[in-house]
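Scroll down for the structure; my scribbles are underneath it.
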Amino acid sequence: MDELKVLMLGPGEPTALNSGLGIATHHIAKNLNSLVKLTIIQPGDSMEETHHSEVTGVNFQQFNEINVAKDMARISIKANLAPYFYSGYTSEMPAKEKMSESEVKKELELFTSKTISFSKHIDFDLIYSHDWTTMNAAMEIKKNSKKPLVVHIHSLDYDRSATHGESWVYELEKEGLEAADRIIAVSEYSAQIINEFYHIPTQKIDIVHNAIEAYRHSRVNKIFTEKLILFVGRLTGQKGPALFMQIAAKVNQQIPETRFVMAGTGELLKQLIESGAYRSVSGKFHFTGQLSPKDMKALYRRCDIYCMPSVSEPFGLSALEAASMGLPVVISKQSGAAEILPAALKADYWDIDLFVKHIVSLLTSERLYNEVVEKNTKEIGKLSWEEVAESIVTVFNKVKA
Amino acid sequence: METCLIFTFHSPLQLSDYSFFDIGKKKPYFDEAHTHQRFKSNYKSIFKPAINGILDLLTRRDFKCSIYMSGTFLTALHRSEPTTMDKLKKLIHDGKVTILGGTSHESIASLFSKSLFQYQLIAHKKLIEQFFGVSPTILNNTENIHYNDLLTTIEECGYKALVTESLNWYLHGNSPYQVFKAPKHNVSILLNQSPTPVETAKENGLITRHIDPLLATYDNWKQHIVNIMKQSEQLITAEEALKKFKPTSTYSIPMPIGRKRPQVGISSFTENAMQKEVITKLLLMEKKIKEALNTNLLYELSKFTSGDYFLDMNYKTITATEKQPYDYYISMMNMLSDFEIKKINQLP
């Protein structure tokens with residue numbers, strides 16, 4: 001059987017701004033590459049230029065804005081496109097913070113037209129696209145090539161914005177989801193949203209959970225005598241940072257020997273700090289700002305409990321990271337991670353008291369603490385990106401058949 | 001009118017950037033290289049021309065003045081310009097210059113903590129004694145912050161007078177051109193005034209005027225001062241002013257007041273949530289230190305109360321462009337946490 005030729009339209013390499021999404025698609029591409037013949041078109045501007053290699057079927061000489069990575073055909077289109085443009089820009093990027101809707105639309109249009117023109121030089125059997133930034137291009141290429149389209153959804157406008165589907169991004173997503181031959185959702189939770197809020201029949205949706213690289217967890221000497229409770233994420237409404245502050249205040253009231261760490265940056269950082277809401281846990285609430293992956297791991301090692309009170313979290317890769325680093329996790333039921341961490345303690349995002357109860361239980365019962373850690377570590381050990389890639393190929397085969 | 005000119009000099013200790021991961025790693029709180037570099041660059045462009053201009057004028061028979069230098073400035077000046085220190089010492093002993101007391105780190109602790117304020121006063125006083133061989137008796141508190149509640153501490157530290165701002169509201173119809181007394185304490189008060197209209201300058205009385213070379217942008221220092229001299233009958237030092245003008249009226253200040261200057265008022269130091277949180281943390285730590293009776297640590301803690309650090313945590317007054325107030329806040333809180341676990345948690 002001939003190797004399946006897949007044209008992947010990606011969101012770009014992992015950066016601080018698309019962390020979970022970028023990491024997931026990076027691993028997916030890496031592992032898919034050994035199963036299918038993969039060509040990637042994605043926004044971005046820096047690729048390792050030194051690793052050029054011959055890729056048959058693509059005449060890269062024609063493109064001057066592209067770079068080819070060592071083992072994968074990748075076309076990077078210079079575009080100022082971040083999937084979280086309307087909620088995730090960090091305070092360190094004041095110039096882009098106020099990127100207007102029309103500017104984003106313009107960038108998107110440019111990216112789409114370049115993607116379409118590049119695609120004409122590529123030989124492929126199937127289009128595989130990720131999230132809304134690639135929707136327009138994917139639909140157009142499908143129309144021109146008559147090739148089937150698989151859309152992989154990592155997060156939706158429903159999750160990211162408070163309006164829950166009153167935006168042009170929602171309309172774009174809906175159109176793309178309708179045009180797709182099959183859809184891959186990262187969780188049952190996300191599939192349910194695609195069905196309920198985008199009115200897509202469930203028969204069209206397959207669920208493929210993300211995986212996580214195995215981490216070694218070595219413990220470090222604790223610097224604080226208090227227990228550290230950690231929040232990680234872009235500081236946007238979706239991630240529930242304000243809820244975490246409320247949880248922190250109540251936990252600290254019951255157990256004063258606690259500290260709280262909020263890692264990440266985002267539109268809300270300035271607001272959260274200026275509001276002074278953390279003052280109810282005076283002097284024991286820390287902000288770290290944006291952290292590198294290396295610092296992030298160091299932080300997991302220093303902390304004792306991970307808390308993710310996301311309002312809507314299609315997956316929640318950082319919860320898996322925390323669990324794989326040996327932290328017990330207390331997470332919202334409105335998350336995909338809850339489906340694959342059976343021992344995680346869960347609560348509805350609005351149920352502050354239950355979050356508090358869970359955290360207090362973990363702090364007061366060593367037995368429970370160890371049980372949660374061990375069960376989750378075992379469960380995570382079963383996950384692998386190889387299997388994720390295999391499941392995705394299974395979906396590809398469904399549309400080819 | 002007789003004029004009492006007060007020149008003020010300050011250069012802060014620069015704080016290190018302190019991330020969450022620096023906590024517990026013995027990283028120093030103050031960046032010595034940066035501190036020295038900032039002093040050097042300001043010295044060359046601002047302090048040196050000002051000091052030389054003043055020293056030059058002081059060779060004239062009719063020129064006298066008062067000088068205030070923060071502790072951090074004194075230390076830096078002593079380190080890089082010891083000969084200037086010697087010249088000043090001689091002028092102080094000759095009665096041409098009154099050297100004023102203040103806080104060692106240009107601290108705003110007087111707004112929230114009597115003990116941190118007191119340690120700042122004591123540390124500054126020691127520096128003056130060490131460098132000039134005299135003990136200051138007139139206080140020039142940071143930003144001229146003053147209110148009645150501070151009087152006990154001020155008196156206990158050996159001060160017989162202080163300089164603060166002239167506010168009409170508290171003058172109750174009295175002329176500002178005189179020396180006042182403080183309520184219930186044996187402390188005299190000199191009132192700082194904005195530039196005075198020419199007609200009042202001809203009347204009898206005393207004008208006290210601050211000149212901060214960092215804020216004043218004079219092309220020609222000497223010329224500016226000579227103009228002031230022309231307007232006034234005579235220049236006198238703060239010491240002489242206290243001898244000559246005996247207080248009759250009381251200047252009673254129930255709530256903190258401070259120097260008037262553009263964009264910065266005393267509320268600029270304590271008005272937002274970040275500044276309030278830092279103060280709360282400082283007070284919590286002060287309490288712990290006091291319980292352990294470790295006064296050395298109180299002085300160490302007071303170094304974080306420099307007014308400069310609080311202005312950096314305010315959008316209205318921040319001067320850096322590459323950083324945001326909350327960057328300073330995060331860094332400051334990390335330092336205080338480090339101080340807490342390193343020093344305080346190990347107290348008996």
Side-chain angles (χ1 to χ4, degrees), chain A residues 90-95 97 220-226 228 230-232 235 245 249 252 256-303, chain B residues 17-27 112 270-289 301 304 310 312-318 320-347:
Chain A
T90 69
S91 49
E92 284 92 69
M93 308 176 70
E97 200 170 26
V220 290
N221 285 338
K222 300 275 171 167
I223 282 156
F224 296 104
T225 51
E226 298 96 337
L228 256 63
L230 174 67
F231 172 99
V232 178
L235 301 183
M245 284 187 176
N252 189 251
E257 290 297 296
T258 44
R259 278 178 191 268
F260 304 86
V261 182
M262 189 172 263
T265 187
E267 47 158 19
L268 285 181
L269 178 65
K270 185 168 173 260
Q271 237 174 296
L272 284 166
I273 293 183
E274 286 173 8
S275 74
Y278 47 86
R279 294 202 59 208
S280 46
V281 269
S282 213
K284 292 190 166 180
F285 203 102
H286 301 269
F287 296 91
T288 67
Q290 188 62 48
L291 296 179
S292 68
K294 185 171 154 274
D295 280 346
M296 205 54 240
K297 282 182 193 169
L299 184 59
Y300 284 130
R301 286 197 189 96
R302 276 194 179 194
C303 291
Chain B
D17 269 334
Y18 228 80
S19 86
F20 184 73
F21 295 98
D22 292 324
I23 299 174
K25 302 264 174 70
K26 297 185 176 144
K27 180 173 174 174
F112 53 86
T270 58
E271 66 189 352
N272 71 35
M274 296 180 274
Q275 296 166 323
K276 287 193 170 103
E277 175 66 2
V278 167
I279 292 169
T280 306
K281 180 92 182 174
L282 285 166
L283 292 175
L284 275 170
M285 288 161 70
E286 181 194 323
K287 194 168 155 243
K288 280 195 190 177
I289 296 172
L301 187 66
F304 294 107
F310 285 82
D312 282 339
M313 286 186 276
N314 195 331
Y315 284 94
K316 297 175 196 162
T317 50
I318 188 169
T321 47
E322 72 283 9
K323 282 208 228 168
Q324 300 271 329
Y326 62 76
D327 293 322
Y328 286 100
Y329 164 79
I330 290 173
S331 184
M332 172 65 90
M333 289 304 280
N334 288 335
M335 276 185 253
L336 293 177
S337 292
D338 182 84
F339 191 91
E340 184 180 25
I341 57 167
K342 188 165 74 195
K343 305 250 168 83
I344 300 186
N345 288 350
Q346 281 153 24
L347 291 172

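Just so we're on the same page: letters track the sequence lines, and every chain starts at 1. Just the heavy atoms: all of them, side chains too, but no hydrogens, waters or symmetry mates, feed the values below. Everything quoted here is computed from the prediction, not taken from an experiment.
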### Query
Side chains of B:K281 and B:F339: does their closest heavy-atom pair fall under 4.5 Å?
no

### Query
What is the minimum heavy-atom distance between B:V278 and B:L336, and which atoms define it?
CG1-CD1, 4.1 Å

### Query
Got a donor-acceptor contact below 3.5 angstrom from the A:E226 side chain to the A:R259 backbone?
no

#### Entry: Side-chain donor/acceptor of B:E277 to backbone N/O of A:G283, under 3.5 Å
yes

### Query
Using non-hydrogen atoms only, which part of B:F21 is less than 4.5 Å away from chain A: side chain, backbone, both, or neither?
both

### Message
Between B:I341 and chain A, with a heavy-atom cut-off of 4.5 Å, which part of the residue counts as in contact: side chain, backbone, both or neither?
### Response
side chain

### Task
Would you mind checking which part of B:K342 comes under 4.5 Å of any heavy atom in chain A, side chain (CB onward), backbone (N, CA, C, O), both or neither?
neither

### Query
With a 4.5 Å heavy-atom cut-off, do B:L284 and B:K287 have their side chains touching?
no

## Note on the structure
Whatever's closer than 4.5 Å to a heavy atom in chain B on A:L291 counts as side chain

### Summary
Honestly, the part of B:N334 sitting under 4.5 Å from a heavy atom of chain A is side chain

#### Entry: Options B:G24, B:S337, B:S19, ranked by heavy-atom pairs under 4.5 Å with chain A, top entry
B:S337

#### Entry: Student check: side-chain heavy atoms of A:T225 and A:E257 closer than 4.5 Å
yes

### Query
Under a 4.5 Å heavy-atom cut-off, does chain A meet the side chain of B:E340, its backbone, both or neither?
side chain

